[in-house]
There are 2 protein chains.
Amino acid sequence: MSMTLQAFRRLVYLSKQELGRVVLNQHSERTRLNKEPLAVRNLIKIVDATLALSNAKNFQAMSLRDLSLETGLGMSELHAYIRDKDDLISLIQSYGYLMSARILLDQIKDIHTPLEQLRIAVRTHVFLSETLLDWFYFSYMETRNMAAEEKRQARQAELGIEELFCNIIRAGQRQGVFRELDPQLSVSLLEAMLQDWYLKRWKYRQRQLDVETYVSFVQAMLERHLLSEQESENHENNRLAQ
Amino acid sequence: MSMTLQAFRRLVYLSKQELGRVVLNQHSERTRLNKEPLAVRNLIKIVDATLALSNAKNFQAMSLRDLSLETGLGMSELHAYIRDKDDLISLIQSYGYLMSARILLDQIKDIHTPLEQLRIAVRTHVFLSETLLDWFYFSYMETRNMAAEEKRQARQAELGIEELFCNIIRAGQRQGVFRELDPQLSVSLLEAMLQDWYLKRWKYRQRQLDVETYVSFVQAMLERHLLSEQESENHENNRLAQ
DNA sequence: GTCTATAGCATGATAGAC
DNA sequence: GTCTATCATGCTATAGAC
């Protein structure tokens, strides 16, 4: 069972402050930051407000005036934290990358059987997107509008997660636990399912579908797909796959 | 095997003109349309150009000036076909709904076993999105920015497709061919996989992944998930699903 | 250091010339 | 019936007042 969703939220909450500091330093080449605690607080306020306002419509539709109003910061103050509107994107992306990479890696590092690693990774991914919903949604929907370098980085991050899952599957295949199916394609389809959880919230919310139910269902489907059974069955399954 | 992708493209191409006429009539309450053939040609030009320009960035980022330039129509002429920019969305949506609903229903209407229907429906869906790529991508990414009524309709269309797949699965379950798993959730995950084909083109193109390969893989995964096997195996599979 | 005012520009929509 | 000129608006970004 590992962590509950609640424990997860706490973990993310604690990382927030700390990460605010890291991100601020990364971006502070251009920033005249004075009193650290205030600066970190403002930075988090800016990130949160941007995510909320952007996701309500879209990033381009959010004006800096709206953002100034929502955060309580003046227009000139905003420009002390961000160079221009595009810089806001890179700020937000850094913030989410750090947060989710750290947590995902931390959760699977002590697990050693591929099947169990796979289960935990699936669960952690869904929990992450549940907790950082705004960020995941923003990152998915706005990637297409980003500048070249930012877009490259976002896609690289997606491929990085695929790589992580792929390695687990390959390990399982070497041990004879998983079938010899294309790992890369399997993982792409898995990721499509994982992403659906935060992309189609209107649908799942409407159906009052529980996070745990979703996780279990995806895990089960994935395992029916991957787990090799007795040799005799292997034939049967090969027939079905043509 | 049913249809090849090429036959599919021809089918869609032929429907284009005809549908142009239908859509033009639907929207012509407000249009002073004169010479039909020219009007239909212009309408199709407008739809195609809008999809191309929008998908390059996003709908909001496309200016009507860009569209005027791309189509060769003057600004005033554009406003003869569309009331305002939002009306463009509803025009495009009608066009795609008609096209894909007609073809999807037509392809499965003569098949009678659930398993075969499911296979054809999956195949047709991927082929449709491959042929009408621009429309599917636009429709998915811009739904969130649409006006209330338009958004409702787009979501209803997604639920409609789920309903279609759901009915096939329920029929299979009644016949004892498919397992007794939640059909709605199964279908949601299936649809996530189907959508990934047009949402992540950059990834699949980069890997030079073939349409047929993708279809087969999704079909196989879905069937491992749904097909009930001998009673003895049922136990095994229930264990895996917890 | 904070906030208001405004410069400079691009857009959607239209009116009116050819 | 086409096309060009123009209007009002809303935006980013900054300069300059307090």
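Here is the naming used below: chain letters follow the sequence lines, and residue numbers restart at 1 for every chain. The basis for the numbers below is simple: all heavy atoms, side chains too, and nothing from hydrogens, waters or symmetry mates.
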Requested in this report: Please answer whether the main-chain N or O of I92(A) pairs with a side-chain N or O of W135(A) as donor and acceptor at a distance below 3.5 Å.
Outcome: yes
Requested in this report: Answer yes or no: does atom CD of E149(A) have more than 12 heavy-atom neighbours from other residues, nucleotides or ligands under 6.0 Å?
Outcome: yes
Report task. Take Q195(A) and K200(B) through the test side-chain contact (heavy atoms from CB on, under 4.5 Å) and record every step on the way to the result. Result -> CA-CA 12 Å; Q195(A) 290 170 339; K200(B) 302 282 178 55; 2.7 Å; yes
Requested in this report: Check side chain to side chain donor-acceptor pair (under 3.5 Å) between S68(A) and all other residues, then give those that pass, not counting sequence neighbours.
Outcome: none
Give every pair of a protein N or O atom and an N or O atom of nucleotides 3-10 of chain D that lie under 3.5 Å apart, one pair per line with the distance.
residue: dC3(D); atom: OP2; partner: E77(B); partner atom: OE1; Å: 3.0
residue: dC3(D); atom: N4; partner: S76(B); partner atom: OG; Å: 3.1
residue: dT4(D); atom: O4; partner: S76(B); partner atom: OG; Å: 3.2

**Report entry** Atom-to-atom span, NE2 of H79(B) to P of dT2(D) - whole angstrom
**Finding:** 17 Å
**Report entry** Interatomic distance, L78(A) CG vs dT4(C) C1' [rounded to whole Å]
**Finding:** 14 Å
Query raised in the report: Rounding to a whole Å, what distance do you find between L69(B):CG and dT11(C):P?
Result: 12 Å
Query raised in the report: Taking OH from Y81(B) and P from dG1(D), how many angstroms apart are they, rounded to a whole number?
Result: 11 Å
Requested in this report: Rounded off to whole Å, could you give me the CG-to-P distance for the L88(A) and dT12(D) pair?
Outcome: 10 Å
Query raised in the report: Any donor and acceptor pair, going by atom type alone, linking the side chain of K85(A) with main-chain N or O of Q60(A) inside 3.5 Å?
Result: yes
Query - Separation of dG12(C) C1' from L67(B) CG (nearest whole Å) - result: 12 Å
**Report entry** Atom-pair distance (NZ on K85(A); P on dA10(C)), nearest Å
**Finding:** 16 Å
Query raised in the report: Considering residues, nucleotides and ligands other than R10(A), do more than 12 of their heavy atoms fall under 6.0 Å from its CZ?
Result: no
Report task. With a 4.0 Å heavy-atom cut-off, tell me which residues in residues 46-61 of chain A come close to DNA chain D, sorted by residue number. Result -> none
Query raised in the report: Can you list the steps and then say if Y81(B) with D87(B) is a side-chain contact (heavy atoms from CB on, under 4.5 Å)?
Result: CA-CA 9 Å; Y81(B) 291 90; D87(B) 195 40; over 6 Å; no
Query raised in the report: With a 4.5 Å heavy-atom cut-off, do L199(A) and Y140(A) have their side chains touching?
Result: yes
Requested in this report: Have a look at V122(A) and tell me which of M193(A), Q219(A), Q117(A) forms a side-chain contact (heavy atoms from CB on, under 4.5 Å) with it.
Outcome: Q219(A)
Report summary line: Separation of dT4(C) atom C1' from L64(A) atom CG, nearest Å, is 16 Å
